[in-house]
Amino acid sequence: MTTALDTRRPGQTAEVPPPPASRRPRILQYNFLGGLTGWIWLVVVLVPIYWIVITSFKLQADYYATNPLVPSSPTLENYRFVLENHFVRYFFNSVIVTLGAVVPAIVVSFMAAYAIVRGSAGSRFLRSVNAIFLMGLAIPLQAVIIPVYLIIIKLQMYDTLGAIILPSIAFAIPLSVLVLSNFVRDIPKELFESMRMDGATEWGTLWRLALPLTRPALVTVTIYQGLQIWNGFLLPLILTQSPEQRTLPLALSAFQGQYNINIPAVLASVVLTTLPILTLYVIGRRQLLSGLTAGFGK
Amino acid sequence: MTIAPPVVRTAPPAASRGARSVSVSWMAWPALFAFTVFGIVPLFGVLVLSFSSWNGLSPNIPFTGLDSWRSVLNDPDLPHALWVTFLIMALSWLAQTPISILLGVFIASHQRYRNWLAVLYFVPLLLSQAAIAITYKALLDPNFGLGAGLGWGFLQQDWLGESKLAVGVVIFVVSWQWIPFHSLIYQGGIRQIPASMYEAAEIDGAGRVRKFFSITLPQLKYTIITSSTLMVVGSLTFFDLIYVLTAGGPGDATRALAVDMYQRGFKANLMGPASVIAVILVLVGLGLALLLRRLGGRDAAESQLEGA
């Protein structure tokens, strides 16, 4: 199956001894068309990013007077302007929403994944739970946003950060359960057996056996869901109203609506809100990449 | 204590299994509860609301039978929204698939510099759709954008102000963000093709192009179906990007189903008709997923896992 996690293994073995590497299909080498596409795509990806970064350091007056692809007299003025527009607050809103949703989502998903793997054989209930989550994968958030909005109003949570957190938890669950249960299933039966012999409860086995053995998968799923929620736009747009409750993506869009002529400032806001994720990418590239394809894990 | 194990073993295995599943069942409850409240209930809720004429503000929800359905199905905006959705779906598939396969082939080989190129390719995937939309809105601005600054006439068009150009921009931006993701999927698929197949083809004197079309592409069949399912079903839910980039405009040129639903429900306060659109969205998504699954001839559950 197509998975970043699986493919790395053959990739690594092929890199170590030269003979297997040279036995790679020749189509993958001297591939003119592929190479051309590869380098052109690099330009397509990098030029806008380069333009965002250098422009965000230009004064608005310079921006109109200079070549847009050449950096000139760098200034932090735009960043100061963005920060003055409450972006620190929006940043913390995003942090609260992301942590507040990801942590509970992963904990309950992990518990459910454990229960499904350990109990499905003897429990029709757990088999139906599994089926419900599988079906849940096919429900797009956009399609159910109106009833979610109604429920949030009935819970009297409209225009709070909690209104974003609760549905975010729910929509992180199906995929997390699916990926985590695949990893819990890989734990050898004998280990569970010996835990039972030692008198451990299922709850104890969950934390002392399953948790350490599935840690890489937990990190991957956490990163994937964290990125989804950090970048989420629809829930904040629909479920909040006041500027104080904005998360970063919504704040970006509002900021641009207000200062759309001041392009350097708008781009500084883009850089600033992306910086945390880019930092994470530099630090934990491998985890993040496998996180991005978590849906294909196994 | 030493006598205990035999005593346990005398119990029928089914009973002990049953006892164990009771002792773990409760662990599934919190996840099930959360997903039921915000996933399952809304799924039925949207169907129920499609028979109402709720305005989204008042506390009481008047039920008016099939009125909303009748008004939406007779509205010429619906075929238009379906057409826009289909257009964006088909063109973004056409744009992304060949490039993703070529890039997948390119990054599937193990040279180090290609790994580093791949690292750079993935940066757009980390950005929020709102950030990407804002960037391109600024970049393509005919008066203040990159084209105006460089003085290149070609880049100075009113990209988001003309219907055809705006659809093209949406497709370009979608591809800009998602091609790396799909090329990663293809990279995985290509690396699993056995090298012996290529060796056998070489012995038979097959050239590179021949090998690509006779081995690589057929071997990628399931990868192509997986990637296409994600592209096609995912394109139904493009909302953030279109909303920030064009808000469905100019006019209604990029008003796809999800944007149409938002405009009806949360701008025009017509939650009944908006719910009808949402139901249509679910049905179209399920229909397409089933169709692609049929094409692949694969076990339903299995491709559902991949469809995640």
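What's counted below: heavy atoms across the whole structure, side chains too, no hydrogens, waters or symmetry copies. Lettering follows sequence order; numbering is per chain, from 1.
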Applying side-chain contact (heavy atoms from CB on, under 4.5 Å) between Val123(B) and each of Leu46(A), Ile49(A), Thr274(A), Ile277(A), report the one that passes. Ile49(A)
Would you say the side chain of Ser25(B) lies within less than 4.5 Å of the side chain of Leu126(A), judging by non-hydrogen atoms? yes
Once rounded to the nearest 0.5 Å, what's the spacing between atom CG of Leu150(A) and atom CD1 of Ile61(B)? 4.5 Å
Okay, Leu252(A) and chain B: the region with an atom under 4.5 Å from a heavy atom over there is both
Kindly give the heavy-atom pair with the smallest separation between Ile173(A) and Ala34(B), and that separation in Å. CD1-CB, 3.8 Å
Looking only at heavy atoms and a cut-off of under 4.5 Å, which of Ala278(B), Pro42(B), Ala201(B) has the most pairs with chain A? Pro42(B)
Quick check on Ile152(A) against chain B: is it the side chain, the backbone, both or neither that has a heavy atom closer than 4.5 Å? side chain
Determine the minimum heavy-atom distance between Ala170(A) and Phe35(B), stating which atoms define it. O-CD1, 3.3 Å
Tyr149(A) and Phe266(B): aromatic ring centres closer than 6.0 Å? yes
Of the backbone (N, CA, C, O) and the side chain (C-beta and beyond), which part of Leu42(A) lies under 4.5 Å from a heavy atom of chain B, both, or neither? both
Would you call Pro124(B) and Val45(A) a side-chain contact if the rule is heavy atoms closer than 4.5 Å? yes
How long is the span from the CD1 atom in Ile238(A) to the OH atom in Tyr262(B), to the nearest 0.5 Å? 5.5 Å
Nearest non-hydrogen partners of Ala274(B) and Ile146(A), listed with the distance: CB-CD1, 3.5 Å
Output, in order, the C-alpha distance, side-chain angles, deciding distance and verdict of side chain to side chain contact (heavy atoms under 4.5 Å, CB included) for Val119(B) and Tyr281(A). CA-CA 9 Å; Val119(B) 169; Tyr281(A) 186 54; 3.5 Å; yes
Please flag which part of Ile116(A) lies under 4.5 Å from any non-hydrogen atom of chain B: side chain, backbone, both or neither. neither
Under 4.5 Å from any heavy atom of chain A, what part of Leu120(B) do you find: side chain, backbone, both or neither? both
If one checks every heavy atom of Ile106(A) against chain B at 4.5 Å, the contacting part turns out to be neither
Tell me, out of Val282(B), Leu281(B), Val244(B), Leu32(B), who's got the most heavy-atom pairs with chain A below 4.5 Å. Leu32(B)
Are side-chain heavy atoms of Pro147(A) and Phe38(B) found at a separation under 4.5 Å? no
Heavy-atom distance under 4.5 Å to chain B: side chain of Leu234(A), backbone, both or neither? both
CD1 (Ile145(A)) and OG (Ser275(B)) are apart, to the nearest 0.5 Å, by 11.5 Å
When the ring centroid of Trp26(B) is compared with that of Trp203(A), is the distance short of 6.0 Å? yes
So which residue, Ile169(A), Ile132(A), Thr273(A), Val266(A), ends up with the most heavy-atom pairs under 4.5 Å with chain B? Ile132(A)
Proximal component of Ile215(B), with respect to chain A [non-hydrogen, under 4.5 Å]: neither
Heavy atoms, side chains only, cut-off 4.5 Å: are Pro48(A) and Tyr136(B) in contact? yes
Ile134(B) to Val270(A) - nearest heavy-atom pair and separation: CG2-CG2, 4.0 Å
Can you tell me which of Phe239(B), Trp54(B), Trp176(B) forms the most heavy-atom pairs within a distance under 4.5 Å of chain A? Trp176(B)
Taking all atoms of both residues into account, what is the closest heavy-atom pair of Ala112(A) and Ala31(B), and its distance? CB-CB, 3.7 Å
Report the option among Leu166(A), Leu267(A), Val129(A) that has the most heavy-atom pairs separated by less than 4.5 Å from atoms of chain B. Leu166(A)
What are the two closest non-hydrogen atoms of Ala138(B) and Ile263(A), and how far apart are they? O-CD1, 3.9 Å
Hey, what do you get for CG (Leu102(B)) to CH2 (Trp41(A)), rounding to the nearest 0.5 Å? 11.5 Å
What residue in Phe255(A), Phe110(A), Phe171(A), Phe233(A) has the most heavy-atom pairs under 4.5 Å with chain B? Phe233(A)
Does any backbone or side-chain atom of Phe44(B) lie under 4.5 Å from a heavy atom of chain A? Answer side chain, backbone, both or neither. neither
Check: Thr37(A) and Phe106(B) side chains under 4.5 Å, non-hydrogen atoms: no
Engaged part of Met261(B) at the chain A interface, taking heavy atoms whose separation is under 4.5 Å: side chain
Atom pair CE (Met135(A)) and CD1 (Ile40(B)), whose distance is rounded to the nearest 0.5 Å: 4.0 Å
Which one wins on heavy-atom pair count under 4.5 Å against chain A: Ala133(B), Ala131(B), Pro59(B), Ser196(B)? Ala131(B)
Quick one: which of Ile280(B), Ile179(B), Leu236(B) has the most heavy-atom pairs under 4.5 Å with chain A, could you say? Ile179(B)
Determine, step by step, whether Leu126(B) and Leu278(A) satisfy the side chain to side chain contact (heavy atoms under 4.5 Å, CB included) criterion, reporting the C-alpha distance in whole Å, the side-chain angles of both residues, the deciding distance to 0.1 Å, and the verdict. CA-CA 8 Å; Leu126(B) 308 173; Leu278(A) 279 180; 4.1 Å; yes
Gln142(A), part contacting chain B, at a heavy-atom distance under 4.5 Å: both
Do Ile151(A) and Val41(B) make a side-chain contact, defined as non-hydrogen atoms from C-beta onward lying under 4.5 Å apart? yes
From Leu248(A) atom CG to Ser128(B) atom OG, the distance as rounded to the nearest 0.5 Å: 8.5 Å
Considering only heavy atoms from C-beta outward, does the side chain of Met27(B) approach that of Arg118(A) to under 4.5 Å? no
